[in-house]
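Reading through the structure tokens given below for one structure.
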Amino acid sequence: MLKKFTSIIHPSWHFYTCISGIITGCALTLWLNLPLCTHYSWLILALLLLIIAIILSRSFALLFALVAGLIFANLRISPELLSQQYFSQLVGQTITITGTISSDPDSSDGSTALSLNHLELHLDDNSAEISGVIYVKLSRSIELNRSDIITLTGKFSGSFGTFAGSMYRPEVVSVDRLDPGDVFVKFKNFFANLVCNFIPSPEVDLGLGYLMGMKTGLSESFSEALRAVGMTHVVVASGAHLAILAGAARKIFGKLSKFAGLLFSLLILLAFACVVGFTPSMTRAVLVAMLSLTFGYVGRKFTPLRLLSLVAALTLLINPSNLLNLGWQLSFASFFGIMILAPRLSKLFYGGKKLPWLASMLITSLATSLTCAPVLIYNFGTISLLSFIANLVILPTLPHAMFLVMLTGATSFLPFLAMLFAKCATLILDLHIWLINFLSEKTIFILNFQAVDLRIFLLYLPVLLFLLWPKLTALFSKPPPEPELCIPE
């Protein structure tokens, strides 16, 4: 059954046509910013158009996929677009609102930042449920968890990025924590406390950021250093974390059977994603890992470009606003660099030969820096020329740091062994902290640009030209002349 399913989405060239249409449709929906399709009867039409686009192996399949993508994306975000129009009328007013904390709060330097969804606006004696996500910045540090329900009163501010609105320094009216609440958050906090008993701060803060995406303990100054060096993606739990977990699960449970290795790998991936939270980057990583494992189980392989494009389309159908999310952008940029650009650079410099370890790290670091640079410049307006060095040192040692932090918590019932793992983890984390702080101080290598300037993405043109060059040369090169036949008289 799995083999039949994979054969549907694995075949010919028009796969890219359908995927391109869906991605373009999602992007156009965000650009138009108009709630055109609000009734779910449109879903039937979208499914029919998508089926036609998949069945037809013709160029106009792109049009059907494009319209299907427009409808899917519009159905998904129309409630949020309508809520943004409603929220725009509240800007500058003092409101009381209740919402659920959708992701782990970020507490640093005496303040707490959080995002709220499942919103309920209180107006006099009435209340109204509103779609969308708002950003909240509290003026004090307060212990909050994901899934807590919080009620706030304060002045409402305008929207930005993927947020429908924002509130700064509101008054906290009440905080309700459901029982049992989010059990995965409880496990994460429990495990983090075990690790904190053996690894000191700030090393433990960075280590937990690596392992579980916990950025709460990172100071504002160190977070700024990460941005300056262009290494914000290393504290976003994503593909590298899941690859380590999936590899370990396959080695352990694969001894029972091939299916057991697949099943337990998928279960561990889902459990880890629930602990970290389904952020855009984590959703991308989970889909990549699960598709790769499933297709590998039935004896099929995804080319990196096909896998990247399919997951991009799926994550945008889940939430088209992901296209504007920095974590989503960096996640796909680094994935593109590692899986697509790095192999082409390796072939350029070494042909088909096996790369030495150092050369492999250099090329991977270069590819990641090249693909992430435009995204970082667009969002922050700065880029460090030394990010290549930071990638070169941190990326190879990142799995070891993660594994040692995990072993520290897992062996906490054996203090001597946990102390040994903690000491090794601290040495690596100390190196990372020193390197990031050292490179961030070299301001001469930090280039400043105008932020939020779309022209910066023109930097991708040389990369795309390099990747497409073999096909372009083959397309425009003249075929060799056919040899003349000598016919005997």
Side-chain angles (χ1 to χ4, degrees), residues 103-109 111-115 141 143-146 184-185 187-245 272-282 284-285 325-328 330-331 334 368 372 376 387 390-391 393-410 421-422 424-437 439-440:
S103 58
D104 293 327
D106 185 5
S107 298
S108 60
D109 295 342
S111 62
T112 303
L114 33 111
S115 55
S141 180
E143 184 180 349
L144 295 169
N145 291 329
R146 190 176 72 219
F184 294 103
V185 172
F187 171 78
K188 178 163 66 172
N189 293 335
F190 170 74
F191 189 85
N193 290 331
L194 293 179
V195 176
C196 289
N197 292 330
F198 297 95
I199 301 178
S201 184
E203 290 83 359
V204 69
D205 302 322
L206 182 60
L208 292 174
Y210 286 161
L211 183 62
M212 297 186 292
M214 297 179 67
K215 298 180 286 185
T216 302
L218 296 176
S219 65
E220 185 63 32
S221 60
F222 188 73
S223 298
E224 183 61 35
L226 283 171
R227 287 192 290 268
V229 180
M231 296 298 294
T232 53
H233 57 281
V234 298
V235 290
V236 177
S238 58
H241 307 69
L242 296 182
I244 295 170
L245 292 173
F272 182 75
C274 290
V275 169
V276 174
F278 282 92
T279 61
S281 58
M282 179 52 63
R284 191 278 306 169
N325 184 276
L326 176 59
W328 187 90
L330 285 175
S331 179
S334 59
T368 306
C372 290
L376 293 170
S387 61
N391 277 309
V393 175
I394 292 177
L395 291 183
T397 55
L398 177 61
H400 305 289
M402 288 173 52
F403 190 59
L404 289 168
V405 172
M406 183 181 68
L407 288 177
T408 300
F421 290 133
C424 297
T426 303
L427 291 175
I428 298 176
L429 295 169
D430 271 333
L431 172 63
H432 291 185
I433 292 172
W434 173 84
L435 180 66
I436 290 170
N437 286 327
L439 295 180
S440 65

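Numbering of residues begins at 1 and proceeds along the displayed sequence. Every heavy atom of this structure was used, including side-chain atoms; hydrogens, water molecules and symmetry mates were not.
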Shortest non-hydrogen contact between [X] and [Y], atoms and distance:
X    : Y    : value
R146 : P105 : N-CD, 4.1 Å
V204 : I199 : CB-O, 3.4 Å
S201 : D205 : OG-OD2, 2.8 Å
P200 : T426 : CD-OG1, 4.0 Å
G409 : L194 : O-CD1, 3.9 Å
A401 : L429 : CB-CD2, 4.3 Å

Once rounded to the nearest 0.5 Å, what's the spacing between atom [atom1] of [X] and atom [atom2] of [Y]?
X    : Y    : atom1 : atom2 : result
L398 : Y210 : CG    : OH    : 6.0 Å
F403 : T408 : CZ    : OG1   : 10.5 Å
E203 : I428 : CD    : CD1   : 12.0 Å
L206 : I394 : CG    : CD1   : 8.0 Å
L211 : F272 : CG    : CZ    : 6.0 Å
N189 : N145 : CG    : CG    : 5.0 Å

### Message
Keeping N437 on the side-chain end and I433 on the backbone end, is there a donor-acceptor pair under 3.5 Å?
### Response
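Yes, the answer is positive, given that a donor and an acceptor are paired below the 3.5 Å cut-off.
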
### Task
Please step through side chain to side chain contact (heavy atoms under 4.5 Å, CB included) for the pair L376 and L330, ending with a clear verdict.
CA-CA 8 Å; L376 293 170; L330 285 175; 3.9 Å; yes

### Task
Apply the test side chain to side chain contact (heavy atoms under 4.5 Å, CB included) to residues M406 and F421: give CA-CA distance (whole Å), side-chain angles for both, the deciding distance (0.1 Å), then the verdict.
CA-CA 9 Å; M406 183 181 68; F421 290 133; over 6 Å; no

### Message
Could you tell me if the side chain of T279 sits less than 4.5 Å from the side chain of N325, heavy atoms only?
### Response
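Of all side-chain heavy-atom pairs linking T279 with N325, none is under 4.5 Å.
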
### Message
Taking the side chain as everything from C-beta on, heavy atoms only, tell me whether F191 gets closer than 4.5 Å to V275.
### Response
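In short, these two side chains do not touch, never coming nearer than 4.5 Å.
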
### Residues T397, L431; criterion side chain to side chain contact (heavy atoms under 4.5 Å, CB included); working and verdict
CA-CA 10 Å; T397 55; L431 172 63; 5.5 Å; no

